[in-house]
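Below: one structure, written as structure tokens.
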Amino acid sequence: MTVRTRFAPSPTGFLHIGGARTALYCWLEARRRGGQFALRIEDTDRERSTEAAVKAILDAMHWLGLAADEGPVYQTQRLERYKQVADELLKAGKAYYAYESKDEIEAMREAALAKGEKPRYNGYYRERNEPCRDDPNRVIRFKNPQEGSVVFEDKVKGRVEWANAELDDLVIFRSDGWPTYNFAVVVDDIDMGITEVIRGDDHVNNTPRQINIYHALGAKVPEFAHLPMILDQEGKKLSKRTNSVSVMEYREAGFLPHALLNYLVRLGWSHGDQEIFSREEMIRLFDIADVNKAASRFDTEKLAWLNQHYLKTDDPQSLAPEFEWHLTRAGIDYRQGPAPADVIVALRDRVQTFKEMVEKARVWYAPIAEWDDKAVAKHLQNDGAVAVLNEARALLAECAWQPEPIHQVIEQIAAKLELGMGKIAQPLRVAMTGTQVSPSIDHTIYLVGRGEALKRIDDALVRAKG
RNA sequence: GCUCCCAUCGUCUAGUGGCCUAGGACACCGCCCUCUCAAGGCGGGAACACGAGUUCGAACCUCGUUGGGAGCGCCA
């Protein structure tokens with residue numbers, strides 16, 4: 001049987017970092033084993049699901065490059081099917097109608113808690129065989145076995161055993177006429193032929209209930225793998241308030257999709273000492289069975305390091321489109337300036353994200369906005385600087401406009417004036433950028449462009465005298 | 001309260017009874033390189049939560065303690 005995995009988010013918000021890792025693992029597991037990866041939108045919660053969230057999730061998946069082989073399948077379009085399956089269960093005496101109000105259920109729970117027991121449904125309607133009747137409180141409950149236990153071999157957790165006595169008769173159809181999660185997942189996973197259910201840790205407790213439903217339906221139970229949580233830097237649960245959790249926020253912060261994927265794949269999984277994984281390597285080496293059991297913390301510093309690694313090693317041309325997206329977003333028209341790929345080469349050793357790169361790139365796309373007074377005083381206002389600027393003015397007007405010839409011009413000036421490189425580079429740097437910090441001076445000049453460079457030298461000469 | 005899960009440097013992890021005076025990576029510190037800032041190179045500090053067992057021998061096996069987490073919905 002071919003392997004089929006699925007990622008099944010509920011569209012109540014953006015795709016967050018934990019969901020992205022789950023999606024990645026599902027995708028990798030399917031890819032490695034030559035199977036398929038499906039996407040399903042679990043939107044049966046009519047109150048909280050939104051179309052905007054569906055779009056946000058799809059966009060994020062696309063940006064990450066996690067393409068689904070099937071779907072998205074929407075649960076809201078499968079209502080008839082859920083009804084049909086629930087009817088089967090009803091007819092077979094494996095489910096029943098119940099009519100308690102929500103307040104009654106709540107009271108039941110409090111009473112159990114007060115007695116030191118687990119809050120559960122008391123099974124009042126379990127054996128009553130009440131017919132279907134119009135009632136705002138009508139729900140369908142699953143007749144969970146009361147004896148024995150459910151055992152399954154979780155691919156990451158190992159053997160899990162659950163006493164049926166711990167489980168109660170869960171609602172499978174709500175009074176609003178929609179199925180509940182635990183029921184819809186099982187029906188969908190059966191219908192979609194899912195063989196490997198890979199999902200967050202928070203679902204382990206649901207698994208025994210779901211297995212009982214599989215049994216009641218006479219269906220084959222899939223394999224399960226429950227992934228540990230991702231915590232924030234302090235070891236707390238990731239929260240929207242204090243951490244950025246949305247995948248697209250990481251895009252906005254200037255991270256590369258591949259860097260994020262590489263970071264995520266190593267969070268809870270490893271292959272010896274290897275840190276860097278191409279997509280192909282991830283697919284080849286990843287195995288869901290090697291995933292750790294313990295929760296892990298999200299470390300932005302390491303993500304940043306990986307991001308810079310890819311900034312430094314990827315082909316600048318292939319990086320350019322994402323950089324252009326950031327430039328545009330920052331209000332910079334990159335067509336009125338140096339080629340983005342050239343800017344990437346000049347700045348990638350100096351920044352960890354595209355967001356920082358955009359800020360440092362501004363000097364080449366707009367006139368100098370402000371001058372650092374200290375820099376001007378220190379590097380421009382002396383005779384040596386004026387001589388350097390004058391020499392540079394003359395030679396740069398003539399030389400071939402590439403970093404290498406520009407570099408030669410600078411060495412020529414150094415030789416002629418008998419000055420060290422520092423005495424040449426700093427005045428020029430201040431002239432080009434208004435500050436004393438920039439990439440290597442030859443690249444900095446090159447990216448400014450000849451016309452603008454000469455103009456900036458003229459401006460600097462004025463300030464040098466001022 | 002009940003059920004279940006987890007536990008190696010600050011962080012991510014390697015490690016599956018002797019190869020461990022515990023390895024790698026991020027971060028941190030120092031030195032080198034150097035036109036600034038970086039990047040890079042070299043080096044350094046830094047961990048098996050605790051306590052009992054089992055064993056000739058435990059980071060690895062067992063039990064307990066402590067600490068963390070998840071779930072107990074007509075949310076997913």
Side-chain angles (χ1 to χ4, degrees), chain A residues 8-12 42-45 47-49 75 98 100-102 105-106 109 112-121 137-141 154 157-158 160-163 165-168 170-182 184-185 199-206 208 226 228-229 231 233 235-237 263 266-276 292-306 308 312 347-352 360 375 379 407 410 414 420-430 433 435-442 444:
Chain A
S10 69
T12 52
E42 310 220 321
D43 51 359
T44 51
D45 183 344
E47 304 270 306
R48 299 194 297 156
S49 300
Q75 290 193 322
E100 283 93 352
S101 68
K102 289 182 187 175
I105 298 293
E106 186 53 35
R109 229 171 252 133
L113 224 38
K115 279 197 289 180
E117 288 168 7
K118 235 171 145 158
R120 308 189 300 175
Y121 176 61
N137 291 325
R138 187 188 70 210
V139 299
I140 300 174
R141 282 185 185 269
D154 191 284
K157 302 253 163 216
V160 177
E161 178 166 3
W162 215 279
E166 291 296 325
L167 273 23
D168 64 354
L170 70 152
V171 169
I172 58 173
F173 250 87
R174 295 196 286 250
S175 54
D176 68 0
W178 285 91
T180 57
Y181 165 74
N182 279 301
V185 216
R199 79 234 297 197
D201 217 334
D202 45 335
H203 291 283
V204 221
N205 309 334
N206 290 320
H226 289 96
M229 299 196 62
L231 277 12
Q233 243 123 355
K236 298 287 176 198
K237 191 173 174 175
Y263 179 72
R266 276 288 285 100
L267 206 54
W269 173 82
S270 64
H271 180 257
D273 288 338
Q274 189 170 348
E275 296 288 349
I276 304 298
N292 277 172
K293 294 185 193 179
S296 42
R297 303 183 189 205
F298 193 91
D299 181 9
T300 314
E301 298 282 353
K302 188 160 183 182
L303 204 212
W305 171 75
L306 273 167
Q308 185 175 31
K312 288 188 300 190
L347 290 173
R348 60 185 176 178
D349 284 341
R350 295 167 172 79
V351 299
Q352 294 190 300
K360 290 194 192 290
H379 299 294
H407 185 74
I410 290 164
M421 281 299 277
K423 294 285 181 198
I424 312 294
Q426 286 308 79
L428 281 168
R429 186 159 357 247
V430 177
T433 69
T435 74
Q436 39 191 333
V437 179
S438 88
S440 65
I441 191 61
D442 42 10
T444 299

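Quick note: numbers below take in every heavy atom, side chains included, and nothing from hydrogens, waters or symmetry partners. Sequence lines set the chain letters: A, B, ... in the order given, protein chains first and strands last, and positions in each chain run from 1. Note that the coordinates shown come from a computational prediction; the quantities given were computed from them, not determined experimentally.
Take A:Lys302 and apply the side-chain hydrogen bond (donor to acceptor under 3.5 Å, both in side chains) test, not counting sequence neighbours, and it matches A:Glu275. Under the side-chain hydrogen bond (donor to acceptor under 3.5 Å, both in side chains) criterion, A:Glu47 pairs with no residue at all, not counting sequence neighbours. The salt bridge (charged side-chain N to carboxylate O under 4.0 Å, His left out) test applied to A:Glu106 returns A:Arg109, not counting sequence neighbours. Listed by chain and residue number, A:Asp154, A:Arg199, A:Thr207 satisfy the side-chain hydrogen bond (donor to acceptor under 3.5 Å, both in side chains) test with A:His226 (two or more places apart in sequence, or in another chain). Scored by the ring pair (Phe, Tyr, Trp, His ring centres under 6.0 Å) test, A:His407 finds no partners at all (sequence neighbours excluded). The salt bridge (charged side-chain N to carboxylate O under 4.0 Å, His left out) search around A:Asp299 returns none, not counting sequence neighbours. In this structure A:Glu100 satisfies the salt bridge (charged side-chain N to carboxylate O under 4.0 Å, His left out) test with no other residue, sequence neighbours excluded. For A:Arg120, the side chain to side chain contact (heavy atoms under 4.5 Å, CB included) test picks out A:Lys118, A:Asp168, with sequence neighbours left out. With sequence neighbours excluded, the residues that form a ring pair (Phe, Tyr, Trp, His ring centres under 6.0 Å) with A:Tyr181 are A:His203.
Rounded to whole Å, atom P of B:A25 lies 19 Å from atom CG of A:Leu267. Nucleotide B:G73 holds its P atom 10 Å from the CZ atom of A:Arg141, rounded to whole Å. Between A:Arg120 atom CZ and B:G1 atom P the separation is 18 Å, expressed in whole Å. In this structure, A:Glu106 places its CD atom 10 Å from P of B:C74, rounding to the nearest Å. Spacing between atom CG of A:Leu306 and atom C1' of B:C12 amounts to 10 Å, rounded to whole angstrom units. With rounding to whole Å, A:Arg199 atom CZ is found 18 Å from B:A70 atom P. The nearest whole Å value for the distance from the CZ atom in A:Arg348 to the P atom in B:A39 is 14 Å. One atom, CG of A:Asp201, and another, C1' of B:A76, lie 15 Å apart when rounded to the nearest Å.
The nearest heavy atom of RNA chain B to A:Leu113 and to A:Asp168 marks one nucleotide each, and the one closer to the 5' end goes with A:Leu113.
The shortest non-hydrogen separation linking A:Gln352 to A:Ala304 is OE1-CB, 3.5 Å.
The main-chain N or O of A:Pro439 is found under 3.5 Å from a side-chain atom of A:Thr444 such that the two form a donor-acceptor pair. The backbone N or O of A:Val430 sits nowhere less than 3.5 Å from a side-chain atom of A:Gln436 that would complete a donor-acceptor pair.
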Report summary line: Going 5' to 3' through nucleotides 27-37 of chain B and flagging B where a protein heavy-atom sits under 4.0 Å of the base, S where only the sugar-phosphate is that close, and - otherwise, we get S-------BBB
Would you tabulate the pairs of protein nitrogen or oxygen atoms and nucleotide nitrogen or oxygen atoms of nucleotides 19-22 of chain B closer than 3.5 angstrom?
none

What's touching nucleotides 41-47 of chain B from the protein side, N or O pairs under 3.5 Å?
none

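Rounded to whole Å, the separation between the C1' atoms of B:A49 and B:C6 comes to 13 Å. Taking the C1' atoms as reference points, B:C19 lies 23 Å from B:U54, given to the whole Å.
Nucleotide B:A25 forms a Watson-Crick or G-U wobble pair with B:U11, both donor-acceptor distances falling under 3.5 Å. Across all strands shown, B:G1 forms a Watson-Crick or G-U wobble pair, both distances under 3.5 Å, with B:C72.
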